[in-house]
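Single-structure report; data block below.
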Amino acid sequence: MQFMLLFSRQGKLRLQKWYVPLSDKEKKKITRELVQTVLARKPKMCSFLEWRDLKIVYKRYASLYFCCAIEDQDNELITLEIIHRYVELLDKYFGSVCELDIIFNFEKAYFILDEFLLGGEAQETSKKNVLKAIEQADLLQENLDFQIRLLPAGVLSPNISSESTGLFQS
Amino acid sequence: MPAVSKGDGMRGLAVFISDIRNCKSKEAEIKRINKELANIRSKFKGDKALDGYSKKKYVCKLLFIFLLGHDIDFGHMEAVNLLSSNKYTEKQIGYLFISVLVNSNSELIRLINNAIKNDLSSRNPTFMCLALHCIANVGSREMAEAFAGEIPRILVAGDTMDSVKQSAALCLLRLYKTSPDLVLMGEWTSRVVHLLNDQHMGVVTAAISLITCLSQKNPDEFKTCVSLAVSRLSRIVSSASTDLQDYTYYFVPAPWLSCKLLRLLQCYPPPEDGAVKGRLVECLETILNKAQEPPKSKKVQHSNAKNAILFEAISLIIHYDSEPNLLVRACNQLGQFLQHRETNLRYLALESMCTLASSEFSHEAVKTHIETVINALKTERDVSVRQRAADLLYAMCDRSNAKQIVAEMLSYLETADYSIREEMVLKVAILAEKYAVDYSWYVDTILNLIRIAGDYVSEEVWYRVIQIVINRDDVQGYAAKTVFEALQAPACHENMVKVGGYILGEFGNLIAGDPRSSPLVQFNLLHSKFHLCSVPTRALLLSAYIKFINLFPETKSTIQEVLRSDSQIRNSDVELQQRAVEYLKLSSIASTDVLATVLEEMPPFPERESSILAKLKKKKGPGAVSVNELEEGKREGGELNGGGERGGDNSAIATSNASTPSPSADLLGLRAGPPVTAAAPSAGSLLVDVFSEAGVNDDGFLSSAPPSVVSEDPAPPLPESNELLNKFVCKNNGVLFENQLLQIGIKSEYRQNLGRMYLFYGNKTSVQFVTFSTTVTCPGELQSQLNVQSKPVEPLIEGGAQVQQVINIECLTDFSDAPLLNIKFRYGGALQNLTLKLPVTINKFFQPTEMASHDFFQRWKQLSLPQQEAQKIFKANHAMDTEVLKAKLLGLGMALLENVDPNPENFVCAGVIQTKAQQVGSLLRLEPKRASSDVPINRAQQ
């Protein structure tokens, strides 16, 4: 896999992971282009498309699009399930994950991804093992200053309520 | 699992993120961010030492701001400080920041590498994993230099924890991708391969990605992985869906690992060992059988995982291309998917069938699905799926179904998406040519193409139809009749006018007997389109008119009238004006005999591969059109051109050009325009393009005296002079230039910054060249870079004789242009004037330098500034032969260093460029990549 992007229906980038060296400028250009292309596609269309010399595999979960760029010889269907497994991991970790979880705890989303995929390849596909690793890390923390889920009051204004829809709910 | 409740909340960060989200405008957001940046900056600069928590919080805020798309130019040092914290979350945030905001500051890199080193040796698996993740995420060359030696040790050590092994394997993979020269598996190879046998499925899953990549590069060293992979696969495939516990995904046992195993096997030919092969075939059959079983779950994840394995297995079957039974079963399975309700499966089935269509075992089986595929082309709602259907139709096309497929593609073209029209046009043109049995069908198809999608018909396509019509006399009459009819449409595409003009100009006489298409009717029809056309098309039409004068003397006065009109003879476009003037003059001065000779029918084009294929290949990127296909195209194309029948080869062209003997030389002496066969090599001249397309080298003397050269000024360099120059980069002797009259040979030698060149001018004719003179000039800044002195040469060269000229060259400083050599002489009264580039390139002044491996790489690393380095990746034009490459590199003038690069496939060279002003040391590294035939070249200069 060359990179993975998470973005919202409004085109806001929520997570970006690059497995090939690119300049910031190039990254921004690619992101702009892909967000536009994917958002323009209709719901029933197929999840794969050719883009430059890469294959794009994407899937929408509630308000979020998960989009991966893979190389010619890579397997599209298994990439779709990479996306799904990542969503499952987020869901299990956050407990019914929604877009807001990823916005406010972006660093966790990156850590979970690193346990699951490294250098663009699956490192550990067992859900239990990935979560065990994250849990162990969480246990190492000394600064347990906040014990609650971090969603400050007042962030759920009506027009963005889709961000609080569980990714598995729609 | 209520994991989040254990979260290490950073209240300040959450508040900041809410603030940003509540900003009503972009300006408000920027204002809020700037405020925060100022705050963080002052905290970092403040006297009070920040505690770890605050540092972590601020670094995290900076990261958030960066991920929003803003630039961050500070905070790296604070992040690096966090790396050495003994609190896990602080360390973790530090590493995340470093991974996302890589910085090339060398002092920072030293500190980062130190922290990583400490964590790697900490023996704390969680810390080790963090460090390995960071290396894998950054993956820079500096990191490879620091850690590529250490990581293989961690990977294979007996006491390494499983999770660390997993990270180490993929970390190494990433480093190998960036710096293959630094990752040396050597002694570890067999232990790495044996990771395929590891108890822990996660370790196998991670390690196999590394092994696959290494196998692609060094298949022989890793070939023991084949039998291990087969037995692992066999165990997974035969296991019950619950055996593998958490590695079972929606009732599918280890789908990721299965796909990776099948992928690894695609790096190798079928196993030679009968038992291994039997076991593998069994696996593949089981996978195909499972596809027929009822699903164990209705969830799409179940079917996706199952089908991912199935498609990977089919890829392997296609890769082997040796088991007819499996190939046909694969094809039937894909056939079922073609009608599946899941769009994704239809898409993949169409894509996969494309490759099946090229196997002789399954080609027929693929063809049985033609109706379904045509239906997909018509009814799929997603353009990317329709595109796949079009690709498949193209792939499954052969003589038996070509007419049907071409007809379907043509009708699809009328409504096709703009994005795929050009490619469709190329495909239709190729199929029509490749499978044409009767050529009237071919001509009809191409004219239909122009009618339906004229804007997307590229030059290659209409050049090609003309080449074919010219080479096949049985279709010429039909072609003339058809274009004549097509031109009668009130609005026809300009490409139609081009084809029509050319064909009627050549073969209008074949339909002139019919009063409805008499010469004048033809001319008027063509001329009615003239004013609507662009300059290049008008130029082509003017050439058609002069051909008409030859074909039909009765049209002469009408056409002369047209040529004489102000809109032609005074046209503001030089090309048009010149043609009008020259053609008018030609038609009034030359006798009918001369006219007939100059304007005789085009000779057949030489047999060659269709340039359309090359264009399609370029469009689709490498790999899309297989070499096989190209070769087939060449073969079929040759047959189509009827090469043998009409002797349409190079020699025929040469004679035809040479058969315009003295009369046309006289014509040129009169400065009359060149005949149609030698239009000026200007951008507007389509006819010349046709010739060069056809590979007809217009090296007749006509081109050396282009009509624009009415003055005695030196001609501009020949269009091919750059190519001629390139021929001499790696050699010093040879024929620099040759045409019908003149041959120029060259011999040269170089020492230090001085060179001497001998030029030999040979008169190939039996007539003497008079007022023969040459001048060598250094254009522009080359004057101050190169000192070139030439001795004058004899002004008279007898027929068949050769004269010699000596040129002395001194390199003052580095240069990039080449000196120009202008040659003028009169042959039969006609002034010949041509300019070439002298093959003096900077590498001629190389002095080879020997050095040891250590020295080489030390110097190589020193040359790190952007202006000291140049890298180029290019496709090899020819098959790469080690000896040929070596000879080329030696010819370049550098020393070829043996046993320097750890990868024996690579070539490294060193040399010093000697100029009067300075000496420039240069290092070169050539890394041939055989699979893709890309040759990346690295070169550094001091």
Side-chain angles (χ1 to χ4, degrees), chain A residues 13 16 19 21 28 44-50 53 72-73 75-78 80-82 84-85 92-95 103-108 110-111 114 118-119 121-129 131 133-150 152 154-155, chain B residues 1-9 11 14-15 17-18 21 53 60 63-64 67 69 87-89 92-93 96 126 133 136-137 139 163 166-167 170-171 173-174 178 201-202 205-206 209 246-247 249 255-257 259 263 301 304-305 307-308 311-312 343-344 347-348 381-382 384-385 621 623:
Chain A
L13 190 59
Q16 45 177 319
Y19 298 112
K28 282 185 182 165
K44 289 276 168 195
M45 285 186 166
C46 90
S47 312
F48 320 125
L49 50 120
E50 283 184 330
D53 53 349
D72 192 46
Q73 73 277 12
N75 189 310
E76 290 99 336
L77 285 174
I78 208 72
L80 264 186
E81 295 319 300
I82 290 255
H84 189 77
R85 172 108 302 176
K92 198 87 180 167
Y93 182 80
F94 287 108
I103 298 173
F104 279 94
N105 303 282
F106 67 94
E107 78 284 8
K108 290 286 179 211
Y110 279 96
F111 297 147
D114 271 355
L118 194 60
E121 298 282 336
Q123 172 174 220
E124 176 54 86
T125 58
S126 151
K127 197 153 62 173
K128 266 190 210 143
N129 289 351
L131 291 169
I134 296 282
E135 214 180 336
Q136 264 169 5
D138 280 340
L139 284 172
L140 284 173
Q141 292 165 176
E142 290 90 337
N143 270 322
L144 300 175
D145 27 13
F146 289 93
Q147 300 280 330
I148 43 147
R149 187 167 168 181
L150 274 165
V155 294
Chain B
M1 181 176 53
V4 183
S5 63
K6 298 187 216 103
D8 57 321
R11 167 67 63 186
V15 170
I17 296 176
S18 317
R21 289 170 53 77
Y53 170 77
C60 216
L63 190 56
F64 180 78
L67 291 170
K87 290 187 182 164
Y88 179 74
T89 52
Q92 201 183 21
I93 294 290
L96 179 60
T126 318
H133 291 178
N137 282 326
S163 60
Q166 288 168 276
S167 298
L170 293 175
C171 185
L173 170 62
R174 175 69 196 266
T178 21
M201 292 280 273
T205 307
S209 296
D246 209 35
Y247 288 94
Y249 179 83
W256 284 281
L257 182 52
C259 284
R263 173 88 198 92
Q301 283 76 28
N304 278 352
N307 291 327
F311 275 105
E312 208 59 66
T343 315
N344 288 345
Y347 176 96
L348 294 175
R381 286 191 304 183
D382 184 345
S384 37
V385 186

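Labels below follow one simple rule: chain letters A, B, ... track the order of the sequence lines, proteins then strands, and each chain is numbered from 1.
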[Y] side chain reached by [X] side chain, heavy atoms, under 4.5 Å:
| X | Y | result |
| --- | --- | --- |
| A/Arg85 | B/Trp256 | yes |
| B/Asp246 | A/Lys127 | yes |
| B/Gln92 | A/Tyr110 | no |
| A/Ile78 | B/Phe311 | no |
| B/Gln301 | A/Glu81 | yes |
| B/His133 | A/Leu118 | yes |

Considering non-hydrogen atoms only, spot the tightest contact between [X] and [Y] and give its length.
| X | Y | result |
| --- | --- | --- |
| B/Thr343 | A/Lys44 | OG1-O, 3.4 Å |
| B/Arg21 | A/Ile103 | NH1-CD1, 3.2 Å |
| B/Ala14 | A/Phe104 | O-CE2, 3.4 Å |
| A/Glu121 | B/Ser209 | OE1-OG, 2.9 Å |

*Do B/Tyr247 and A/Glu124 have side-chain atoms, one donor and one acceptor, less than 3.5 Å apart?*
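Yes, side-chain donor-acceptor contact under 3.5 Å.
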*Under 3.5 Å, is there a donor-acceptor pair linking the side chains of A/Gln123 and B/Gln166?*
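There is no such pair between these side chains.
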_Side chain / backbone / both / neither for A/Asp53 at chain B, heavy atoms under 4.5 Å_ =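 Nothing of A/Asp53, per the 4.5 Å heavy-atom cut-off to chain B.
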*What part of A/Phe48 is in contact with chain B, defined as an atom under 4.5 angstrom from a non-hydrogen atom: side chain, backbone, both or neither?*
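Both parts, backbone and side chain.
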*asked:* Main chain of A/Ser47, side chain of B/Asn344: is a donor-acceptor contact present, judged purely on distance under 3.5 Å?
replied: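 It does hold such a pair.
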_For A/Lys28, all residues meeting salt bridge (Lys or Arg N to Asp or Glu O under 4.0 Å), sequence neighbours excluded_ =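 Listed in chain order: nothing, the list is empty.
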About how many Å separate [atom2] of [Y] and [atom1] of [X], when rounded to the nearest 0.5 Å?
| X | Y | atom1 | atom2 | value |
| --- | --- | --- | --- | --- |
| B/Asn304 | A/Leu80 | CG | CG | 5.5 Å |
| A/Asn105 | B/Ile17 | CG | CD1 | 7.5 Å |
| A/Met45 | B/Arg381 | CE | CZ | 8.5 Å |

*Hey, can you tell me if B/Phe64 and A/Phe106 have their rings parallel, tilted or perpendicular (30° and 60° cut-offs)?*
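Tilted.
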*asked:* Between B/Val385, B/Leu257, B/Leu63, B/Leu348, who has the most heavy-atom pairs with chain A when the cutoff is under 4.5 Å?
replied: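 Ranked by contacts with chain A, first place is B/Leu348.
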_Partner chain A: residue of B/Cys171, B/Ser167, B/Cys259, B/Gly202 with the largest heavy-atom pair count (under 4.5 Å)_ =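 Greatest number of close heavy-atom pairs with chain A: B/Ser167.
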*Determine, stepwise, if the pair A/Glu107 / B/Ile93 fulfils side-chain contact (heavy atoms from CB on, under 4.5 Å).*
CA-CA 8 Å; A/Glu107 78 284 8; B/Ile93 294 290; 3.9 Å; yes
*For B/Asn137, which residues count as a side chain to side chain donor-acceptor pair (under 3.5 Å) partner, sequence neighbours excluded?*
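By the side chain to side chain donor-acceptor pair (under 3.5 Å) rule, B/Asn137 matches A/Lys17, A/Asp114.
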*Side chain from CB out, backbone as N, CA, C, O: work out which of these in B/Thr126 comes under 4.5 Å of a heavy atom of chain A, or both, or neither.*
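For B/Thr126, the side chain is the part near chain A, not the backbone.
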*For chain B, which of A/Gly119, A/Ala122, A/Ala133 has the most heavy-atom pairs under 4.5 Å?*
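Looking at each of A/Gly119, A/Ala122, A/Ala133 in turn, A/Ala122 comes out on top.
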